[in-house]
Peer 1: 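Attaching a single structure in structure tokens format; questions to follow.
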Amino acid sequence: EVKKNIEIDSREDLKVIDAEGLLVCPGFIDMHVHLRDPGNEDEEDMESAVAAAKRGGITSIVAMPNTNPPVDNIGMVRYVINKSRQVGYKVYPVASMTKGIEGKEVSELGLLSEAGAIAFSDDGNCVNDSKIMYEVMRYASQFDALLILHEEDYSLSRSGCANEGYFSFILGLSGIPSLSEELMVARDILLAKKTGARIHITHVSSSNSVQMIRRAKEEGVRITCDVTPHHLFFNDSCLLDYDTNFKVNPPIRSEEDRLALINGIKEGVIDAVASDHAPHLEIEKNTSFNEASFGVIGLETLFKACFTRLFMEEKIKLSRIISLLTSGPARILNLGEVRIGEGKAADIVIINPEKKGVIKKEDIISKSKNSPFIGKTLCGEIIYTISDGMIVFENSQVLGNMV
């Protein structure tokens, strides 16, 4: 807890951090993380994900439910909560909207919420059955539960592996049109308007989606959205080398779409940035583009990618960028006010905004190494991460250079 006067039993307990010239801000909240725990701990487990989060200045993790088995029952919600206590970090469970994340039968949302689920999502899957989605929204609206929606019309995206456009055409890759996302965004805006449900569109990727969300907000629909750093940073020209670390869902789209996402941040339409951290083994990525798994990691580069692209290049206010990683997610998830102040939890990140470096595969803490930022120079090095008043990450390499 942050206090004005703190009694120290002995000088050995005291560590003074000289933050002159450094950026000090509240710890980051990543509201979209795939832990792979339980079921695929060879890709990632809670311990390794938390270690990566500390490196990235993230003090709160929101865990998606598509584990094996999925988080669709009280026991699995408790598993995530209990394991987070063992690890000693804030990990908030999201439970599935439908049983088995199959989109066929509505989960026991009320009981799952009472057990500690912070929100509901079938992320990784989209509920294509509109009647089921309508029932989910009606149920969720009864106790104001948040629904985090992965928007994808499978009749348009099935068998696709890259954004449908110029680059997929010249590279001979099967395309996923932005219409696949946009149709579902339009449908769910209509359903939310009808039911009064609180919906959050995750990893928005297209210009039209941003426009629809803007209009929905103006009309009073209870809608928020987030975008990923990789959709802000890259366009589909990244596919030219067939690098499978750029194979994600939704796909990285055109430069027009990328600029629309950045504009959505500038205009306040986009409420948060989240990593969509999706670890995969080397064998799942080191194959043909068509066969490779969808997904990239992003805990360690969440802030640095945003700082580099949005602040250094787009000149967006630093306060706005920080809010996308702190107060924005907290407001959406009802986590309370986020700020550094007396009486508040001491979740703090200290950053050297001048420090930049190349992202190297061998430096990645996550068990899986499928980062699209490998080889990229990013600015804004995390120096310290403080969680609940404890220094949980100290960048000794950078600190050594600063002395």
Peer 1: Check step by step if side chain to side chain donor-acceptor pair (under 3.5 Å) holds for Thr287 and Glu291.
Peer 2: CA-CA 6 Å; Thr287 182; Glu291 295 296 322; 5.9 Å; no
Peer 1: Can you tell me how far the CG atom of Leu156 sits from the CD atom of Glu181, to the nearest 0.5 Å?
Peer 2: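 Interatomic distance, Leu156 CG to Glu181 CD, rounded to 0.5 Å: 12.0 Å.
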Peer 1: What is the distance from atom CG of Asp363 to atom NZ of Lys369, rounded to the nearest 0.5 Å?
Peer 2: 9.5 Å
Peer 1: Do the side chains of Glu282 and Lys361 get close enough for a salt bridge, i.e. N-O under 4.0 angstrom?
Peer 2: yes
Peer 1: Whether Arg138 engages the ring of Tyr134 as a cation-pi pair (distance to the six-membered ring centre under 6.0 angstrom, angle to the ring normal within 45°) should be assessed.
Peer 2: yes
Peer 1: Have Glu102 and Thr98 got a donor and an acceptor in their side chains that come within less than 3.5 Å?
Peer 2: no
Peer 1: Answer with yes or no whether the side chains of Asn163 and Arg253 bring together a donor and an acceptor at under 3.5 Å.
Peer 2: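 Looking only at side-chain atoms, Asn163 and Arg253 do form a donor-acceptor pair, the distance falling under 3.5 Å.
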Peer 1: How about His34 and Asp276: does a side-chain donor come under 3.5 Å of a side-chain acceptor?
Peer 2: yes
Peer 1: For Glu135, is there an ion pair with Lys131 - N to carboxylate O distance below 4.0 angstrom?
Peer 2: yes
Peer 1: Between Glu105 and Lys99, is there a salt bridge with N-O shorter than 4.0 Å?
Peer 2: yes
Peer 1: Is there a donor-acceptor pair closer than 3.5 Å between any side-chain N or O of Asp236 and the backbone N or O of Ile252?
Peer 2: no
Peer 1: Would Ser368 and Glu43 count as having a side-chain donor-acceptor pair, cut-off 3.5 Å?
Peer 2: no
Peer 1: Distance only, no hydrogens: is a donor on one side chain within 3.5 Å (strictly under) of an acceptor on the other, for Asp226 and His200?
Peer 2: yes
Peer 1: Is the distance between the ring centroids of Phe373 and Phe234 under 6.0 Å?
Peer 2: yes
Peer 1: Determine whether Ser275 and Asp30 satisfy the following criterion, side chain to side chain donor-acceptor pair (under 3.5 Å), listing intermediate values before the conclusion.
Peer 2: CA-CA 7 Å; Ser275 70; Asp30 191 342; 2.5 Å; yes
Peer 1: Checking side-chain polar atoms at under 3.5 Å, does Glu164 have a donor or acceptor matched by the opposite partner on Ser168?
Peer 2: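 No.
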Peer 1: Both conditions, 6.0 Å and 45 degrees, for the charged tip of Arg55 above the ring of Phe393: are they met here?
Peer 2: no
Peer 1: Can you see whether Asp37 engages Tyr79 through a side-chain donor-acceptor pair at a distance of less than 3.5 angstrom?
Peer 2: yes
Peer 1: Compute whether any side-chain donor of one residue and acceptor of the other, for Glu313 and Thr308, lie under 3.5 angstrom apart.
Peer 2: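 Result is no, nothing qualifies.
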Peer 1: Quick check against the 3.5 Å criterion: does Asp347 have a side-chain atom that pairs as donor or acceptor with the backbone of Thr59?
Peer 2: no
Peer 1: Take a 6.0 Å sphere around NZ of Lys266 and say whether it holds more than 12 heavy atoms from other residues, nucleotides or ligands.
Peer 2: yes
Peer 1: Tell me if the centroids of the rings in His32 and His203 come within less than 6.0 Å of each other.
Peer 2: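 Here the rings of His203 and His32 have centres that are less than 6.0 Å from each other.
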Peer 1: Check the pair Ser206, Asn208 against side chain to side chain donor-acceptor pair (under 3.5 Å), reporting the backbone distance first and the verdict last.
Peer 2: CA-CA 6 Å; Ser206 91; Asn208 284 336; 5.6 Å; no
Peer 1: Look at the aromatic rings of Phe143 and Tyr139 and report parallel, tilted or perpendicular, splitting at 30° and 60°.
Peer 2: perpendicular
Peer 1: Between Arg36 and Asp42, is the closest basic N to carboxylate O distance under 4.0 Å?
Peer 2: no
Peer 1: Side chains of Asn82 and Gln86: any donor to acceptor distance under 3.5 Å?
Peer 2: no
Peer 1: Just to verify, which of Ile58, Ile382, Val33, Thr228 counts as forming a side chain to side chain contact (heavy atoms under 4.5 Å, CB included) with Leu302?
Peer 2: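 When side chain to side chain contact (heavy atoms under 4.5 Å, CB included) is applied between Leu302 and each of Ile58, Ile382, Val33, Thr228, only Ile58 qualifies.
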Peer 1: Under a plain distance cut-off of 3.5 Å, with no hydrogens placed, do Asp153 and Ser180 share a side-chain donor-acceptor pair?
Peer 2: no
Peer 1: Output the distance between atom OG (Ser237) and atom CZ (Arg258), rounded to the nearest 0.5 Å.
Peer 2: 9.5 Å
